[in-house]
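Encoded as structure tokens, the structure appears first; notes follow it.
Atoms within each ligand, like the ligands themselves, are counted from 1 in listed order. Heads up: numbering here begins at 1 and tracks the sequence.
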Amino acid sequence: MENFIKGSWSKPNSGRYAEVLNPCTGAVVDTFACSDLTDVAQVMQVAQEAYRDWRKTPVAVRARLQHAAARLMREQADELAQILAQELGRPMVGCQTEISRSADLLDFYAEEGLRLKGEIPLHNLDGEKALIVREPVGVVVAITPFNYPITLLTMKLGAALIAGCAVVSKPSEDTPLSTLRLAELFMQAGYPAGVFNVITGYGHEIGNALIDHPATAKIAFTGGTGTGKRIGALAAMHNKRVTLELGGQSPAIVCADANLAVAVPAIVRHAFANSGQFCYRVNRLYVHESIYDGFLEQMVALTANLRVGHPQSGADMGPMVNAKIYQNSEVQVADALSKGAVLKTGGQRLTGPDYDNGWFFPPTVLANTDHSMKIMTEETFGPVVGVMPFSTVEEAVQRANDSEYGLAGYVFSENLSTGLRVAESLEAGSVWINNIHRSYHDVPFGGYKQSGIGREKGRYGVEAYTELKTIYLNY
Ligand code: NAD
């Protein structure tokens with residue numbers, strides 16, 4: 001597929017294309033354009049020109065268009081979900097949910113944009129007022145990872161567009177096809193050409209040029225912490241605005257009085273959804289020693305029941321997206337076992353006719369882990385969890401915070417006071433007490449520490465695409 005620039009397909013000036021592979025079978029699904037610096041210059045100029053009119057378009061018109069795009073996404077959800085399933089390998093139900101939730105998020109942001117307001121402080125000065133207004137930040141470059149290509153884009157796109165920004169999207173090289181289809185769909189919804197463009201290619205080839213370009217006012221990035229640091233450093237050189245949603249290594253604390261009938265299914269669901277390829281998944285568990293054996297038994301039984309397979313097979317989990325992501329799991333399991341962890345289930349690449357050509361790793365539970373092991377300290381981004389016993393809640397909190405990451409945390413206790421105190425102590429952008437579910441659209445999401453800078457979602461997410469301006473008025 002070609003780039004999507006100014007409302008139509010645009011061949012890359014390099015003439016180069018790369019393949020998108022189906023991670024279940026290794027078959028070529030399609031190709032994407034390997035853009036170069038001249039394509040970057042072209043798309044940035046287009047976005048800059050489109051921005052001039054878009055920022056002046058009434059917010060009510062922008063909201064109508066956004067609702068129209070959300071409607072089209074729902075109408076074409078099956079097709080979009082098929083594309084996602086092919087490039088990502090995730091079970092169909094999960095792909096459909098991604099589309100419908102992303103459409104909901106667009107709707108939410110549209111309404112939130114209508115509620116954006118300025119202020120006039122009551123100075124009561126004769127003939128003088130100060131007006132505090134919000135203006136769009138400008139052209140936004142949205143760089144996204146492979147794991148939730150549409151959700152993670154709409155978190156940026158919906159907020160930026162309703163705020164009056166034009167957007168240049170750079171999707172992951174593993175999953176660019178769904179994003180390209182989305183851009184086409186936005187055109188069908190009636191958006192002016194050039195307001196939402198997609199340029200594909202390798203991050204290390206065009207990333208710097210996208211960030212450096214004088215027209216880029218803000219970079220909204222979701223991806224690995226290493227990549228995020230590089231982007232943040234380059235953006236800082238030019239004082240450009242950033243929102244960085246980066247990696248995670250999220251802990252769950254299961255206290256002695258936890259309701260295991262709730263805790264075990266919630267943790268299993270959240271550790272292995274999308275084959276563990278998401279940033280705020282449960283990566284490591286601290287379980288009170290008095291319930292440790294019973295908890296493990298229940299968790300292993302539920303985990304071993306999960307089915308791994310192709311998107312259409314009704315399986316619970318698909319493959320890893322590529323060899324590099326796959327290897328994290330293998331390396332971390334080997335590392336833990338070499339240091340004394342006990343393998344309770346999974347642990348080895350799946351083989352057989354359905355699996356041999358894909359990157360399939362089973363859901364894996366490692367017991368008796370400790371912080372000398374990668375599974376407890378490094379992001380896995382795969383279907384492996386480490387479990388470790390604790391004796392006091394203070395010790396569990398100290399372990400949970402013993403990480404450079406701070407995206408999310410989880411605590412299970414029937415004593416709400418304990419739950420709330422742990423939640424207050426965890427160094428994380430979001431904490432769930434006694435359940436785990438997807439983050440809501442109307443509350444902020446983002447990380448402490450190395451997990452990022454800034455917040456997406458809610459009114460906070462929209463405000464992040466505006467600048468505050470004070471106008472002093474003398475009359
Ligand atoms: P990645 O960092 O390798 O790539 C993400 C995007 O950055 C891709 O589009 C890539 O092309 C681009 N990129 C790579 N190098 C670049 C450069 N030098 N300049 C500009 N862009 C560049 O991440 P990934 O492997 O696709 O995704 C996995 C990572 O994403 C994990 O670490 C995960 O935790 C993180 N993630 C975070 C969140 C969050 O909300 N915090 C959500 C999902 C994923």
Protein contact of atom 34 (O) of ligand 1 - nearest heavy atom, named by residue and atom, plus distance: E379 OE2, 2.3 Å
Can you report which non-hydrogen protein atom sits closest to atom 2 (O) of ligand 1, along with the distance? T227 OG1, 2.7 Å
Just which atoms of ligand 1 are under 4.0 Å from any heavy atom in F445? 40 (O)
Subset of ligand 1 atoms that lie under 4.0 Å from at least one heavy atom of I143: 6 (C), 7 (O), 9 (O), 12 (C), 20 (C), 21 (N)
Student check: side-chain heavy atoms of H371 and M388 closer than 4.5 Å: yes
So ring-ring contact (aromatic ring centres under 6.0 Å, His included) across residues 154-175, not counting sequence neighbours, yields none
Judging by distance only, is a nitrogen or oxygen of [X] under 3.5 angstrom from one on ligand 1?
X	value
T144	yes
I231	no
T225	no
R230	no
G224	yes

Work out whether the distance between some heavy atom of P171 and some atom of ligand 1 is less than 4.0 Å. yes
Are the aromatic ring centres of F278 and Y280 under 6.0 angstrom apart? yes
Ring centroid separation Y286 to F390 under 6.0 Å: no
Would you name the heavy atoms of P145 and G223 that are closest together and state the gap between them? CB-CA, 4.2 Å
The answer for which part of K170 has a heavy atom under 4.0 Å from ligand 1 is both
Test side chain to side chain contact (heavy atoms under 4.5 Å, CB included) applied to K11 - qualifying residues, sequence neighbours left out: E2, Y17
